[in-house]
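Okay, so here's the structure we're looking at.
Chain letters run A, B, ... following the sequence lines, proteins first, then strands; residues in each count from 1.
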Amino acid sequence: MLSTKPKAYKRFSPIGYAMQVDELSKFGVDERIIRKIKERGISEFYPPQAEALRSGVLNGENLLLAIPTASGKTLVAEIVMLHKLFTGGGKAVYLVPLKALAEEKYREFKTWEDLGVRVAVTTGDYDSSEEWLGKYDIIIATSEKFDSLLRHKSRWIRDVTLIVADEIHLLGSYDRGATLEMILSHMLGKAQILGLSATVGNAEELAEWLNAKLVVSDWRPVKLRKGVFAHGQLIWEDGKVDKFPPQWDSLVIDAVKKGKQALVFVNTRRSAEKEAGMLGKKVRRLLTKPEARRLKELAESLESNPTNDKLKEVLVNGAAFHHAGLGRAERTLIEDAFREGLIKVLTATPTLAMGVNLPSFRVIIRDTKRYSTFGWSDIPVLEIQQMIGRAGRPKYDKEGEAIIVAKTEKPEELMEKYIFGKPEKLFSMLSNDAAFRSQVLALITNFGVESFRELIGFLEKTFYYHQRKDLEILEGKAKSIVYFLLENEFIDIDLNDSFIALPFGIRTSQLYLDPLTAKKFKDALPQIEENPNPLGIFQLLASTPDMGTLSIKRKEQESYLDYAYEMEDYLYRSIPYWEDYEFQKFLSEVKTAKLLLDWINEVSEAKLIEAYGIDTGDLYRIIELADWLMYSLIELAKVLNAGGETIKYLRRLHLRLKHGVREELLELVELPMIGRRRARALYNAGFKNVNDIVKAKPSELLAVEGIGVKVLERIYRHFGVELPLLKNIKDPDKPEDKPKEKPKPKKGTLDYFLK
DNA sequence: ATAACGATTTCGCGCCTCGCGGAGC
DNA sequence: GCGCGAAATCGTTAT
């Protein structure tokens, strides 16, 4: 087969490797592409970029590019994609791990549309039929979305000639790595693969698996100084020492005094908020008048809710915090304001390091330990180095600084481990049973794998097998999962030992559900039919592995247990005993269920946040998840031949869950710009259905709380009527006034829920 | 002597995050 | 593994 051994360019000296953009023509790259790059003001490539472009990737060879963030991986990918499209046609797929990143890349790649290249983004947030995507040349997708598209056997998949896997090292992430690994296993040999990675311990091994050339470098466009701070001493990697006041916050003040910014990584949300408050107070007086004014404007533009109020308070001081409790709108607002230089200090949980590109002159790592499922552990070197990599803003700073704060740790050890140390090796996460289960199911139900032998044959293509080379373990694992699938009627087997995909299994896989979730749904279905009720259903949703669990506080336990007993008749399971290992989990499921129940009974956001001890972002996420699972439950119920009445009941409940309303508002809430709040206001003002609204005078509607001219305009447009200048309205009952398509608010914004 | 209240010490609790679906007359 | 708030203990003062 392919005999070319992958070659590693490990040590490379930048000197002599420079490459002019013009030289691309030597590789057959189209003039238009070259011109476009030069228009961006780029005339020469960075050394690692040159190295990558020379590696053979432009001739269609696979490449693994392991270089630091912001050293120009994206540009390489862009050139390779464009070149491929210009010479070979087909489609390029760009895989990202985060929705936010998908959007970021979309904005970047859109500039190529001048050359007639069509760019599309598809994530769970965007509706996107396969046909629609077929029209595009570059498709940006999250790994999960692409995996899902593969399972749906989208037509255009066979046109894909290039896969770019951004952040390919996430293949080693516990819960999501397997997805990426399987996508690559599917596409290996069918499309060219370009992997973009952070530096990892075993890049060679990964490249070997991908049959790819390997380019590794630690070259950066901005110089980077690394150091450790311990009690007033800032010890640089070269041994030099700077004196500071004893507290680490002096590093932040110092940066801001120099007219720069600081990014501080901490390990809890609470710390992020606390430190932002503390730092804000010290940084406030260094702001210029116009800055202070702009910040105030920004803060005022934020909607008021318990989480945002905390944010507003620090924002006016030129500080901010960034964590998953924030809504998405708030997060991007902060990111933009930091990029603009308006926010001087940003404190963040480690999420930020793997997310959008947000560089800062100085990066301070306050914590190197974190709480995870297995208790406390050191944050992996890989992750810390990603944080470190955020130091230095390419266009603004000559040099970036990354400083790890030592508290109880010995400074030398931190230095050794995180600054000079090698990042961890990547391990295949098909070893994670949950991931493996779902992938094996997909292979059988969606990818036409017909026998056990064939299954093993495919699995031999994975990184898992490449890495372990242990057929026995692989077969053992596969066997136990096949049994599970057989036992629960996801699949069947005929007399010749051929697999038969059953509808239940097929749908489960297409819905992208964990088979365990599907099993739970299936088992509970008879009880739902017998006694349909929101609480029971919500508890069921909350008990699935696909729904993250809400943490429960010690002090809350008793009251939720009482609640569970009170509601025992509504639940589809018995209440476990205190000694049961699942007791804790059960209570947190009850808590989640109760939250959802409150939500559909129109309890205000602020009250929910307060009562359940969560942030806005959490609320939003829980509801989104429940919404998705509810939909999946309905789909599976259909496959399992549930009664028509049950399906109808579930559908209404799904709508209520989606919008957070009681029954009576379901009609109103379908209108654009009308969410739970405005719908309630309208209803209480006597406008109880669409007809009432249509008949009402605009002035009457404007008198309702929360209904302004803009909203009204939008509603009238929905009916195909211009807002009459508060005079006469067209007869609304004419059917042609109703437009075909219902415009929806963009999912993923806060407005989606508050409308 | 002791209630009352403020200051200081001890105790135990809670801690990080991301993605997945998709219907029209 | 550690910060934080609550609870517990200690300390001071007023009556």
Side-chain angles (χ1 to χ4, degrees), chain A residues 95-102 122-130 132 141-152 167 170 173-180 265-275 322-326 328 348-355 366-380 383 407-409 435 438 442 507-514 517 544-549 551-557 613 617-618 621 624-636 651 654-655 658 735-736 738-742 744 747-748:
Chain A
L95 297 175
V96 290
L98 261 55
K99 292 177 187 172
L101 276 179
T122 174
T123 66
D125 276 357
Y126 285 92
D127 297 356
S128 46
S129 64
E130 72 161 68
W132 178 78
T142 51
S143 305
E144 285 78 6
K145 181 66 183 194
F146 187 69
D147 190 22
S148 158
L149 289 166
L150 281 176
R151 293 182 187 194
H152 284 271
E167 316 272 347
L170 287 177
S173 98
Y174 181 76
D175 50 344
R176 296 180 59 206
T179 312
L180 185 55
F265 286 104
V266 297
N267 65 3
T268 65
R269 289 181 184 186
R270 190 135 65 132
S271 302
E273 291 174 10
K274 193 201 86 177
E275 304 294 23
H322 187 287
H323 60 60
L326 260 38
R328 280 203 209 149
T349 50
T351 355
L352 194 72
M354 68 164 280
R366 198 203 69 172
D367 302 312
T368 54
K369 291 190 167 72
R370 134 183 83 197
Y371 188 82
S372 65
T373 11
F374 314 106
W376 278 87
S377 53
D378 286 347
I379 296 175
E383 269 181 60
K407 280 166 291 180
T408 54
E409 305 89 350
S438 140
R507 203 69 190 109
T508 298
S509 174
Q510 285 185 335
L511 287 165
Y512 218 77
L513 286 176
D514 184 325
T517 300
T544 65
D546 278 313
M547 181 119 187
T549 40
S551 78
I552 188 151
K553 295 185 176 77
R554 195 79 114 229
K555 273 190 251 157
E556 294 172 333
Q557 288 194 11
D618 304 313
R621 222 181 1 268
E624 196 183 37
L625 266 169
D627 173 19
W628 167 52
L629 286 172
M630 192 69 206
Y631 172 82
S632 303
L633 173 61
I634 296 169
E635 290 300 303
L636 286 183
R651 282 225 173 96
H654 180 211
L655 279 176
K658 208 181 181 79
E736 65 264 32
K738 313 228 172 187
K740 283 174 204 150
E741 232 181 352
K742 249 184 276 169
K744 272 200 244 175
K747 216 175 156 188

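- Among the protein residues, A:H654 comes within range of the nucleic acid bases, having at least one heavy atom under 4.0 Å from a base atom.
- Note on A:K369: every side-chain N or O is 4.0 Å or more away from OP1 and OP2 of B:dC15.
- With rounding to whole Å, A:L655 atom CG is found 15 Å from B:dA23 atom P.
- For the OP1/OP2 pair of B:dT17 and a distance below 4.0 Å, the side-chain nitrogens and oxygens of A:T349 include at least one atom meeting the criterion.
- A:R151 places no side-chain N or O within donor-acceptor distance of the main-chain N or O of A:L511, the cut-off being under 3.5 Å.
- One interatomic measurement links the two molecules: CD of A:E167 to C1' of B:dG19, which rounds to 15 Å at whole-angstrom precision.
- In this structure, A:S173 reaches neither bases nor backbone, as no heavy-atom distance under 4.0 Å exists between it and the strands shown.
- Across all strands, A:S372 comes closer than 4.0 Å to base atoms (heavy-atom distances).
- A donor-acceptor pair under 3.5 Å is formed between the side chain of A:K407 and the backbone N or O of A:R366.
- Nearest nucleotide to the side chain of A:R621, out of C:dG3, B:dG21, B:dC18: B:dC18.
- Comparing A:L625 and A:K553 against DNA chain B, the residue whose closest nucleotide sits nearer the 5' end is A:K553.
- Comparing atom distances between the A:R370 side chain and each of B:dG19, B:dC16, B:dG21 picks out B:dC16 as nearest.
- In this structure, A:R269 reaches the B:dT17 phosphate: one of its side-chain N or O atoms is under 4.0 Å from OP1 or OP2.
- One can place CG of A:D147 at 15 Å from P of B:dG19, the figure rounded to the nearest angstrom.
- Atom P of C:dG1 sits at a distance of 36 Å from the matching atom of B:dC20, rounded to the whole Å.
- Looking at A:H152, its side chain does come within 3.5 Å of a backbone N or O of A:Q510 through a donor-acceptor pair.
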What would the secondary structure line of DNA chain B be in dot-bracket form, counting Watson-Crick and G-U wobble pairs under 3.5 Å, with [ ] for pairs that cross earlier ones and | for pairs with another strand? |||||||||||||||..........
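- Here the side chain of A:N267 pairs no donor or acceptor atom with the backbone of A:D367 at under 3.5 angstrom.
- When each of A:E635 and A:M354 is assigned the nucleotide of DNA chain B bearing its nearest heavy atom, the one mapping closer to the 5' terminus is A:M354.
- Atom CG of A:L149 and atom P of B:dG19 are 16 Å apart (whole Å).
- Distances were taken from every side-chain heavy atom of A:L98 (C-beta onward) to each of C:dC4, B:dG21, B:dG19; the shortest belongs to B:dG19.
- One distance of note links CG of A:L101 with CE of A:M354; it measures 7.5 Å at 0.5 Å rounding.
- The ring of A:Y371 lies on top of the base of B:dC15, close enough and flat enough: under 5.5 Å between centres, under 30° between planes.
- When the nucleotides B:dG19, C:dG5, B:dG21 are ranked by their closest atom to the side chain of A:Y631, B:dG21 comes out on top.
- Ring geometry for A:Y371 against A:W376 counts as perpendicular: the plane angle is over 60°, on a 0 to 90° scale with 30° as the lower cut.
- Atom CG of A:L95 is separated from atom P of B:dG19 by 14 Å (rounded to the nearest Å).
- Residue A:K274 places its side chain closer to C:dC4 than to any other of B:dC18, B:dG21, C:dC4.
- Comparing A:S271 and A:K555, the nucleotide of DNA chain C nearest to each residue sits closer to the 5' end for A:S271.
- Atoms CZ (A:R366) and C1' (C:dG1) sit 12 Å apart, rounded to a whole Å.
- Distance check, rounded to the nearest 0.5 Å: OG1 of A:T123 to CD of A:E144 gives 11.0 Å.
- The residue A:D514 sits apart from the nucleic acid: no heavy atom pair falls under 4.0 Å.
- At distances below 3.5 Å, not a single donor-acceptor pair connects side-chain atoms of A:Q557 with backbone N or O atoms of A:R554.
- Checked by atom type and distance alone, the side chain of A:S632 pairs as donor or acceptor with a backbone atom of A:W628 at under 3.5 Å.
- If you take atom C1' in B:dT17 and the same atom in C:dC4, they sit 23 Å apart, rounded to whole Å.
- Nearest to the side-chain atoms of A:K145 among the listed nucleotides B:dC20, B:dC18, B:dC15 stands B:dC20.
- In terms of phosphate contacts, A:T268 brings no side-chain nitrogen or oxygen within less than 4.0 Å of OP1 or OP2 of B:dG14.
- For B:dC15, one of the phosphate oxygens OP1 or OP2 lies less than 4.0 angstrom from a side-chain nitrogen or oxygen of A:S551.
- Within 4.0 Å (heavy atoms only), A:T179 reaches no atom of the nucleic acid at all.
- Between the CZ atom of A:R651 and the P atom of B:dG22 there is a distance of 14 Å, given to the nearest Å.
- Using a 4.0 Å heavy-atom criterion, one finds that A:R507 contacts the sugar-phosphate atoms exclusively.
- The NE2-C1' distance, from A:H323 to B:dT17, rounds to 13 Å in whole Å.
- Between the side chain of A:D546 and the backbone N or O of A:D514, at least one donor-acceptor pair lies under 3.5 Å.
- Listed pair A:R176 / B:dG19 fails the phosphate criterion, with no side-chain N or O lying under 4.0 Å from OP1 or OP2.
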